[in-house]
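Remarks on the structure that follows.
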Amino acid sequence: MKLHSFAICAYKDSPYLESCIRSLQAQTMKSDIILCTSTPSLHIKELCEKYQIPMFIRHGESNIRDDWNYAYHKADSRFVTIAHQDDLYQKDYVETLLKYEKKYPDMTLFTGGYAVIKDNKLARFEAVEFIKRILRLPLRLKAISHLAFVKRSTLLFGNSICCPVCAYNKERLGEPLFTSPYRFALDWDTLYKLSYLPGRFVCEERPMMFYRVHQEATTKVCIADNSRAREEAEMFQRIWPKPVVKVLMHFYQKAYKEYE
């Protein structure tokens, strides 16, 4: 089994998919790249042929949980990064991941900081990302980041870990990885469950990827149909008493304006 794979989840015809592929192929340390989709199209097929990337088609209705599990399953490597088609990865992402893999053999999750792209421009300051950076502070204490309360502490006030940055240790975590019923809070729910399992969360706080915010993004859709607010409230209710949940949701809903 190889050390690492990028499994791109492609949905419909994203104008950003090719840029994502190129950022993965530009890594300083080469890694396997595969593409998985439940919405095959000529656009996706031509890009896979152009960049010689294996393409796997999942049959059945598209949904985030099943699409992510399928991509995770198809990646034949110890660590798997489920790459989002709209995002870009730093060229030393794999190099950094493998450096920590050697240092911490019990690492079950690698993650990092991120920068935001809006309107095809790098955002200078994003309040939400800055707060998440503060919430991730416990993971900088790598000597104790195997402790359950340290891992959970980064998830108590929301999901401070950006899902596209994550690389999961498939050997240690097994399958299926994503069992949450949620659509938006799927990653938060999954990480919260993983925090109870043996293993270390390792975070490289500098930006390891560029997260793109745009009108067609799933986050934007989940805000519009109110599923984000409902799912986040349910997650908070598992952690905090109702009065605290009301306060947290008040500030969280203000943060939705970051996606406008």
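- Cation-pi geometry between Lys142 and Tyr104 is not met at under 6.0 angstrom from the ring centre and within 45 degrees of the axis.
- If you check the side chains of Asp66 and Asn69, you find no donor sitting under 3.5 Å from an acceptor.
- The ring of Tyr89 has its center closer than 6.0 angstrom to the ring center of Phe6.
- For the residue pair Glu129/Tyr211, the side-chain donor-acceptor check at 3.5 Å is not satisfied.
- Aromatic ring centroids of Phe110 and Tyr93 lie under 6.0 Å apart.
- Residues passing the side chain to side chain contact (heavy atoms under 4.5 Å, CB included) test with Pro54, sequence neighbours excluded: Ile34, Phe56.
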request  = Take Tyr16 and Gln85 through the test side-chain hydrogen bond (donor to acceptor under 3.5 Å, both in side chains) and record every step on the way to the result.
outcome  = CA-CA 7 Å; Tyr16 311 113; Gln85 64 182 5; over 6 Å; no

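- The aromatic ring centres of His73 and Trp68 sit 6.0 Å or more apart.
- One distance of note links CD1 of Ile44 with CD1 of Ile8; it measures 10.0 Å at 0.5 Å rounding.
- Geometrically, Arg22 does not engage Tyr51 in a cation-pi contact defined by less than 6.0 Å to the ring centre and at most 45° from the axis.
- With no hydrogens or angles considered, no side-chain donor-acceptor pair links His4 and Ser77 at under 3.5 Å.
- Ring to ring, Phe236 and Trp188 are close: their centroids are under 6.0 angstrom apart.
- Annotation: salt bridge (Lys or Arg N to Asp or Glu O under 4.0 Å) contacts involving residues 87-99, sequence neighbours excluded, comprise Asp92-Arg206.
- The aromatic rings of Phe178 and Tyr72 lie perpendicular to each other, with more than 60° between the two planes, well past the 30° mark.
- Taking the charged nitrogens against the carboxylate oxygens, Glu232 and Arg228 do have a contact shorter than 4.0 Å, which makes a salt bridge.
- Between Arg183 and Glu231 no salt bridge is recorded (no basic side-chain N to carboxylate O distance below 4.0 Å).
- Within the model, atoms NE2 of His84 and SG of Cys9 stand 7.0 Å from one another, a figure rounded to the nearest 0.5 Å.
- Under the 3.5 Å distance criterion, with hydrogens and angles disregarded, no donor-acceptor pair is assigned to the side chains of Ser5 and Lys170.
- Ser38 pairs with exactly one of His59, Arg58, Glu61 by the side-chain contact (heavy atoms from CB on, under 4.5 Å) rule, that one being Arg58.
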